[in-house]
Amino acid sequence: MGNQCDTCAFYAYDEEYEEYYCAVNLDEDEYFRFITNQRSSCSYYRNGDDYAVVKHQM
């Protein structure tokens, strides 16, 4: 899932800790399901490429 995270809109950089993290806002139950997820793809993934919409419109 690491390569998928690189292009995700929720993949943010924390300057204080100098590392990237997933910025999806989850409650406890959702977080547990997210961490224990055995699937290879992330159900919260959203493409962070702002130009993807423009490419689609052309």
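Keep in mind that the numbers below use all heavy atoms, side chains included, and drop hydrogens, waters and symmetry copies. This is a predicted model, so every value here is computed, not measured.
Residue Phe34 comes nearest to Cys42 through the heavy atom pair CE1-SG, 3.6 Å, listed as atom of the first residue, atom of the second, then distance. For Asp14 against Tyr17, the heavy-atom pair with the smallest separation is OD2-CD1, 3.0 Å.
Here Tyr13 pairs with Tyr20 under the ring pair (Phe, Tyr, Trp, His ring centres under 6.0 Å) rule; sequence neighbours left out. Judged as a side-chain hydrogen bond (donor to acceptor under 3.5 Å, both in side chains), and not counting sequence neighbours, Tyr44 has no contacts. Under the rule for a side-chain contact (heavy atoms from CB on, under 4.5 Å), the partners of Ala12 that lie at least two apart in sequence or sit in another chain are Tyr21, Ala23.
Put simply, the side chain of Val24 does not reach to within 4.5 Å of the side chain of Tyr31, judged on heavy atoms.
There is a path of hydrophobic side-chain contacts, each under 4.5 Å, that joins Leu26 to Phe10.
Here the straight-line distance linking atom CD1 of Ile35 with atom CD of Glu30 works out to 12.5 Å at 0.5 Å rounding.
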